[in-house]
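What follows is one structure encoded as structure tokens, with my remarks underneath.
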Amino acid sequence: MNLNEWDERARSTLQIGSDRVQWHMGFMKDMVRVDSRSFNVNEFEGDRTAPTDMKEILDLAQEYLQSIGFPMIHVNVPPPGPERSTPILMAEIVTGSNKPTLLMYAHLDKQPYMDDERFEKWDGHPPTELRWNADGTRAYGRGAADDLSGVVAIGMAVDALLQSIGFDARNPEPGLLEQLPCNIKVIFETEEESGSHTLIPQILQNKKFFETSDCVIITDVTNPDTGIPGLTTSLRGVIQMNAHMKTTAAHSAIDEQTALYKVLATLIREDHSLAVTNIVKGDAPITEEERQGYEKIPTTLEALRSQAGLLNETQLTVPSTKVDIIEAELRTSYANVRPGNRVAGGVVFGIAGARFHFHTEGLTHREGFVRWLEEIFKTYNRFGLKILFRELETSENLTLELILQSANKDPHSGMFGGPFPVPELQLAHMVDRLIGWDGKLTAAGWQEFFESGGGVRKISLTALHVEHDGSSRTFNDPSARALIEIRLAPGHQETTANDYLKYHLLKNVPAGFSLELEEDKGGPPWMTGIDHPAFTLMLESLKTGYGHEPCLYGCGGSIPFVAKLMDALGSIPPLCLGAYDPDCRMHEPGESLSMADLLGCARSIIHFILSSPRAFSQK
């Protein structure tokens, strides 16, 4: 059997519902069942209070690779250090020292569930339960797409190749593995979602394992559309900071939450673009060739809006064209803010709200004043967010809630963020316009609702946890906190961008307040050229594996591992493939895996492995 026949035979075994595919999905089911969240646990009463040590998921992954036929598997012991660390898993099939060596990457850790113990956002099913749609084309569960799809795509590809030549992992026949035209190495990480903070030290611990790699195949990005392959050549980076506003004066005209909103409002301009000037200036410019490439991506304006869950009335912050939206999602830095007291993954909350407490004197037309405020907020609503404005019955003078909604879900802040308004930032913008640093209303016209000499004596705010049905509650911790996130376009250094963000925030804090800033997860942006023959071969492989023309693509999300790994491995070509689609809702409740993308990715890897000698010279 020649390589072409081997290729066709192996790819043909990967069909929905086939016995071997079902075998792999059985391991997927077991791995979804394991809680391998690497950060932001303690999401509800009775939940675990610290992330797992990853032993259970690593044991399953080791069993999976052993069952396929990997003769060497090693779970590393991370070096000691101040940060919590969890192991990488390494596996390899050595077929000859003169053959090329392909390194393949995926990760085993997962995002938070982003729901309470009732799991209503998961349709009442635990996110650790893998379940299917009616026709078996999509599977649901936390981690099914991000990134267990990458784990299983790699496993399926290698397994199909070995099964096609009669290899039996339980009774391996000598010499069969040596028929492979390349050496195969695998790394499974367990810290990707929490920043890959010990990845480089663990790679350096195992330098001999990695130094012979000729390329790295990374199966942790999205495709441009369901069943349509893309080869990702750029990633946005990310910086995150926890902000805590405190008063330092005995008496302040405004409270800490209002002050925090007013500082957060400085992150964006009137058009919602990023206002941290030094970061904006660092975005790498997009070439005309790149824009022409975005035009060829098989998607539509309607599909892009739908993937982000935007309401019909929500207006974009960029021109309403496919190319402008894609540019904003892939190659533009932007700001996102989440309430600091709310456990969440990497999302933009599609709904946000705050409670306004007005302490008034001489208010003669209460209903008129409430209507006036509502109209003021409507005039501030430049991007057509849905407004819910209501008065609460309290013992206080006047309490109102303002809730803003842009989307019917909480979209991934990396994949979709940039071309649409962030409700939390629009809320901050409205607060900033309504209330001055002196604590007074800045809009004209309120006087007609008060008797002479009366007015609003004090305004205070409370941040809210708002669900998509409009229900709201206050946080148990009433302190003024926010998590500030900047998705960084290629062209930036993570540490420098952190400094720019800190400088911007602190310079906008007035006397009488202090803003405590603590750096959270981060990762640098990344971009690569495509001159190496491996890129041409991978484009061919994607066409073969999916049966559709591939396109050069980017990812607005952040994968800190990629830039870190490339720094550690040197100038070998990085080949970033998607094993999931834009409808997968990665990082969101209801995450799912498209079988068309999983199988297409696995078939593409098969073709690349068997054709790899064409891209790499013999050693």
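Bear in mind that the values here come from a model prediction, so they are computed numbers and not experimental data. No hydrogens, no waters, no symmetry mates; every other heavy atom, side chains included, goes into these values.
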Candidate pair Lys55 and Asp53, rule salt bridge (Lys or Arg N to Asp or Glu O under 4.0 Å), full reasoning: CA-CA 6 Å; Lys55 183 178 186 306; Asp53 61 6; over 6 Å; no
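- Annotation: the span from Ile609 atom CD1 to Leu3 atom CG amounts to 12.0 Å, rounded to 0.5 Å.
- For Glu5, the CD atom counts as densely surrounded, since its 6.0 Å shell holds more than 12 non-hydrogen atoms of other residues, nucleotides or ligands.
- In the model, Ser413 has a side-chain atom that pairs as donor or acceptor with a side-chain atom of Glu485 under 3.5 Å.
- With respect to the salt-bridge test (charged N to carboxylate O, under 4.0 angstrom), the residues Lys29 and Glu129 do not qualify.
- A tilted orientation is assigned to the rings of Tyr105 and His107, their planes being inclined by 30° to 60°.
- The number of heavy atoms from other shown groups lying within 6.0 Å of NZ (Lys322) is above 12.
- Residues Ser38 and Glu193 come closest through the heavy atom pair OG-CB, 3.4 Å.
- The backbone N or O of Glu120 lies less than 3.5 Å from a partner atom in the side chain of Asp115, making a donor-acceptor pair.
- Using a 4.5 Å cut-off on side-chain heavy atoms (C-beta onward), Glu192 and Asp220 make contact.
- Taken from CZ in Phe188 to CG in Leu60, the straight-line distance is 12.0 Å, to the nearest 0.5 Å.
- Taking the ring centre of Phe349 as origin, the terminal cationic atom of Arg342 falls inside the region bounded by 6.0 Å and 45° from the ring axis.
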Worked check of ring-ring contact (aromatic ring centres under 6.0 Å, His included) between Phe420 and Tyr334: CA-CA 10 Å; Phe420 63 87; Tyr334 89 102; 7.6 Å; no
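- The pair Lys110-Asp146 fails the salt-bridge criterion, with no side-chain N (NZ, NE, NH1 or NH2) lying under 4.0 Å from an Asp/Glu carboxylate O.
- Not a single donor-acceptor pair under 3.5 Å links the side chain of Glu467 to the backbone N or O of Asp469.
- Residues Arg33 and Glu56 are paired through a salt bridge, judged by an N-O separation under 4.0 Å between the basic side chain and the carboxylate.
- Panel note: side chain Thr52, backbone Met54; a donor-acceptor pair is recorded below 3.5 Å.
- A salt bridge is defined here as a Lys NZ or Arg NE, NH1 or NH2 lying under 4.0 Å from an Asp or Glu carboxylate O, and Glu591 with Arg585 fails to meet this definition.
- Two residues are said to be in side-chain contact when any heavy atoms from C-beta on lie closer than 4.5 Å; Leu162 and Leu180 meet this criterion.
- Looking at heavy atoms from C-beta onward, Pro229 lies in side-chain contact with His548 at the 4.5 angstrom threshold.
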Going through the checks in order, is the side-chain hydrogen bond (donor to acceptor under 3.5 Å, both in side chains) test met by Asn223 and Tyr546? CA-CA 11 Å; Asn223 281 320; Tyr546 282 84; 3.1 Å; yes
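- Note: His587 and His412 have tilted aromatic rings, judged against thresholds of 30 and 60 degrees for the angle between ring planes.
- In this structure, Arg305 and Thr314 have side chains that are in contact, with non-hydrogen atoms separated by less than 4.5 Å.
- Ring-plane geometry between Phe44 and Tyr113 is classed as parallel, the angle between the planes falling under 30 degrees on a 0 to 90 degree scale with a further cut at 60.
- The backbone N or O of Gly414 lies less than 3.5 Å from a partner atom in the side chain of Arg236, making a donor-acceptor pair.
- Using a distance-only test at 3.5 Å, with no hydrogens or angles considered, no donor-acceptor pair links the side chain of Ser306 to the main chain of Glu302.
- Defined by atom type and a distance below 3.5 Å, a donor-acceptor pair is missing between the side-chain atoms of Thr13 and Gln163.
- A salt bridge links Arg138 to Asp581: at least one charged side-chain nitrogen sits closer than 4.0 Å to a carboxylate oxygen.
- Residues Met586 and Gln111 fail the side-chain proximity criterion, which asks for heavy atoms closer than 4.5 Å.
- When all heavy atoms of His272 and Thr317 are compared, the pair lying nearest together is CB-CG2, 3.6 Å.
- Summarising the geometry of Ala602 relative to Ala157, their closest heavy-atom pair is O-CB, 3.5 Å, with the distance given to 0.1 Å.
- Judged by distance alone, with hydrogens and angles left aside, the side-chain atoms of Asn381 form a donor-acceptor pair with the main-chain N or O of Leu385 at under 3.5 Å.
- Checked against the 6.0 Å centroid criterion, the rings of Tyr64 and His24 qualify as a close aromatic pair.
- Formation of a donor-acceptor pair under 3.5 Å by the Arg338 side chain with backbone atoms of Val347 is found in this model.
- Using modelled atom types, one side-chain atom of Thr321 and one backbone atom of Asp324 make a donor-acceptor pair closer than 3.5 Å.
- Heavy atoms from other residues, nucleotides or ligands lying under 6.0 Å from NZ of Lys386 number 12 at most.
- The closest side-chain heavy-atom distance from Asp159 to Arg20 is below 4.5 Å.
- Rounding to the nearest 0.5 Å gives a distance of 9.5 Å between CD1 of Ile57 and CG of Asp109.
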Check against side-chain contact (heavy atoms from CB on, under 4.5 Å), Leu598 and Met156: CA-CA 9 Å; Leu598 173 64; Met156 278 185 174; 3.9 Å; yes
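- Thr137 and Asn133 share a side-chain donor-acceptor pair at under 3.5 Å.
- Judged purely by atom type and a 3.5 angstrom limit, Ser18 has no side-chain atom pairing as donor or acceptor with the backbone of Leu14.
- Closest approach of Ser320 to Leu301, counting heavy atoms only: O-CD2, 3.6 Å.
- Summarising the local packing, CG of Asp135 is surrounded by more than 12 heavy atoms from other residues, nucleotides or ligands at distances under 6.0 Å.
- A cation-pi arrangement is absent between Arg9 and Trp6, since the terminal nitrogen or guanidinium carbon is not both under 6.0 Å from the aromatic centre and inside a 45° cone about the axis.
- To the nearest 0.5 Å, atom CG of residue Leu161 and atom CG of residue Asp7 are 8.0 Å apart.
- No salt bridge links Lys121 with Glu588; every basic N to acidic carboxylate O contact stays at or beyond 4.0 Å.
- Side-chain atoms of Glu329 and Val318, non-hydrogen and from C-beta on, never get closer than 4.5 Å to each other.
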Working for side-chain hydrogen bond (donor to acceptor under 3.5 Å, both in side chains), residues Glu401 and Ser472: CA-CA 9 Å; Glu401 280 189 357; Ser472 65; 3.0 Å; yes
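- Distance check, rounded to the nearest 0.5 Å: NE2 of His607 to OG of Ser611 gives 3.5 Å.
- At most 12 non-hydrogen atoms from other residues, nucleotides or ligands lie less than 6.0 angstrom from CG of Asn476.
- Closest heavy-atom contact between Ile297 and Pro224: CG2-CB, 3.6 Å.
- Under 4.0 Å is where a charged nitrogen must lie from a carboxylate oxygen, and between Arg37 and Asp35 at least one such pair does.
- Taking both residues in full, the closest heavy atoms of Cys551 and Pro298 are given as SG-CD, 4.4 Å, listed atom of the first, atom of the second, then distance.
- Here the side chain of Asp47 pairs a donor or acceptor atom with the backbone of Asn42 at under 3.5 angstrom.
- You'll find the side chain of Leu58 reaches within 4.5 Å of the side chain of Thr190, heavy atoms only.
- Distance check: His197 NE2 to Glu191 CD gives 4.0 Å after rounding to the nearest 0.5 Å.
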Take Asn341 and His465, measure what side-chain hydrogen bond (donor to acceptor under 3.5 Å, both in side chains) needs, and give me the verdict at the end. CA-CA 9 Å; Asn341 303 320; His465 179 134; over 6 Å; no
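- With Tyr140 as the aromatic partner, Arg131 meets the cation-pi criteria of under 6.0 angstrom to the ring centre and within 45 degrees of the ring axis.
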